[in-house]
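Sequence lines set the chain letters: A, B, ... in the order given, protein chains first and strands last, and positions in each chain run from 1.
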2 protein chains.
Amino acid sequence: MPRVKKSEATRKRLLARALVLFQKKGVEQTTMRDIAKAAGLSLGAAYYYFPSKDALVFSFYEDNQRDMEELAASATGTLRERLGVLFHGKLESIRPHRKMLAAIVQRLVDPGDPLSAFSQQSRQVRERAIAVIAATLDIADDLRPLAAHALWLLMLALMLVYINDDSPGEKRTHGLVDDALDMAVPMLPLLATPMGHALVERVTSALARADITLT
Amino acid sequence: MPRVKKSEATRKRLLARALVLFQKKGVEQTTMRDIAKAAGLSLGAAYYYFPSKDALVFSFYEDNQRDMEELAASATGTLRERLGVLFHGKLESIRPHRKMLAAIVQRLVDPGDPLSAFSQQSRQVRERAIAVIAATLDIADDLRPLAAHALWLLMLALMLVYINDDSPGEKRTHGLVDDALDMAVPMLPLLATPMGHALVERVTSALARADITLT
DNA sequence: GCTAGTTTTTGAACGTGTTCAATTACCGCG
DNA sequence: CGCGGTAATTGAACACGTTCAAAAACTAGC
């Protein structure tokens, strides 16, 4: 087996074992030593493949984001229906790994140092998540960035609620998804009114003055 | 010196030394060993007074929250002016300790385990911060919880922006404070219209169905 | 002043994330 | 097939947050 393939297989095995342990014991209670052992590697080898424990957690989320992109691409129906598919699907996809969400959300909102590779990676995944939402929105181009960012923040908030949702089938959070989308989606056409445009322009320029650009 | 006074003085000295070091080196680069040494104590003694490094960080924020309560009590003028005093004052008060903000914000949004003392402490501080904003708002009782929570989320977002603001006098973030309040405050009276009341009722009941109560 | 009880202090030790020099294994080329 | 170069692997060691048993210090009551 050529090296590239073997190393890729090893990396995948490591991640897979980590996910099983994170699911079983939680991220904090799972040690890198546990993970290396479960993958049949030494501790140092685990660090050869992933620079940190946090990188393992985040790698899962990057993969999950890819799944969301496919899900969004295949969703059909009204905007409300497509957003519903996306939001509910996101929660379902993450369900077995809810214990990792706290760590993930914290990473996503971490202001970090803008120059660090660490932060740039987070930003990249964040931007891709926002791009998926933006691609789902069929509204005017100038309105889309702000609306997509707002919906992404809603998604984050919902994930935070999901973490501690112990209702059967997490129906509380899923119900909140529906309620929130039922409120948010009818507001989107209001953004296309002159007043809506003015509001968006005002928010966007305030952010721009603070050097914050929504792409 | 009676014990209570001496131990209180020791605790204060420890916190003061920690804050100096956090300011100089950042929270992560500052070790508990550094802090203990700077306070003239052993490492174990430092842990006698504060249960964790994080607790030191958070203790500062609790004290800062108390200062905000006094500031809010003394603010006068229009609602916009009072909120401005509160928001700008918050940023100014935290300015020398911006390096600590990332850790603080993460703690404030951490979903944690609802049963843990750790989470309950965070929630308490969060609720006090929200209560200060609520006390500043002169609007109908049924509208106040939601508006206060929204403004508190705005404050959090502004703190995240503040962390990486390298403009002179952090004028970018302060400018954003003014822009944001200039947009938000005129919306508050709109909440008192029948349509506003209906919206607030709808949001509040959606949250209630998800077991989230805004107090 | 002595004693018992409590608080404060200490420093060795532990567990965990991480690092890194050395070794082993692998691959491609001549 | 042998060799050089590179990738993968190892395990000891380090730093840091945290813990805890033992010792020291202090206070109040007799």
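Evaluation of atom-type donor-acceptor distances gives a pair under 3.5 Å for the side chain of Arg33(B) against the base of dG17(D).
The interatomic distance linking Ile35(A) (CD1) with dG15(C) (P) rounds to 18 Å, in whole Å. As a whole-Å value, the separation of Gln29(A) CD from dT16(C) P is 9 Å. Atom CE in Met32(B) sits roughly 11 Å away from atom C1' in dC16(D) (whole-Å rounding). Taking atom NZ of residue Lys6(B) and atom C1' of nucleotide dT7(C), one finds them 10 Å apart after rounding to whole Å. Distance CD (Glu28(A)) to P (dT18(D)): 10 Å, rounded to an integer number of Å. If you measure from atom CZ of Phe22(B) to atom C1' of dC16(D), you get 13 Å, rounded to the nearest angstrom. One interatomic measurement links the two molecules: CG of Leu41(B) to P of dA24(D), which rounds to 18 Å at whole-angstrom precision. Rounded to a whole Å, the CG atom of Leu56(B) is 10 Å from the P atom of dT18(D).
Between Lys5(A) and dC27(C), a side-chain N or O to OP1/OP2 separation shorter than 4.0 Å is absent. Checking the phosphate oxygens (OP1, OP2) of dT9(C), a side-chain nitrogen or oxygen of Tyr49(B) falls inside 4.0 Å. An OP1 or OP2 oxygen of dT18(C) is reached within less than 4.0 angstrom by a side-chain nitrogen or oxygen of Tyr47(A). Contact annotation: Lys37(B) side-chain N/O to dG11(C) OP1/OP2 distance is not under 4.0 Å.
Within 4.0 Å of Leu43(A), counting heavy atoms only, lies at least one base atom of the nucleic acid.
Each of Gly44(A) and Val27(A) was assigned the nucleotide of DNA chain C with the nearest heavy atom; the assignment lying further toward the 5' end belongs to Val27(A).
Distance CE/Met187(B) to CG/Asp182(B): 11.5 Å, rounded to 0.5 Å.
Of all heavy-atom pairs between Phe87(A) and Leu151(A), the closest is CZ-O, 3.6 Å.
Residues Leu156(A) and Trp152(A) have side chains in contact (heavy-atom distance under 4.5 Å, counting atoms from C-beta outward). Residues Gln29(B) and Lys24(B) fail the side-chain proximity criterion, which asks for heavy atoms closer than 4.5 Å. In this structure, Tyr49(B) and Arg13(B) have side chains that are not in contact, with every pair of non-hydrogen atoms separated by 4.5 Å or more.
Comparing atom distances between the Ser42(B) side chain and each of dT9(D), dT10(C), dG17(D) picks out dT10(C) as nearest. Among the nucleotides dG17(D), dT9(D), dT19(C), the one closest to the side chain of Thr31(B) is dG17(D).
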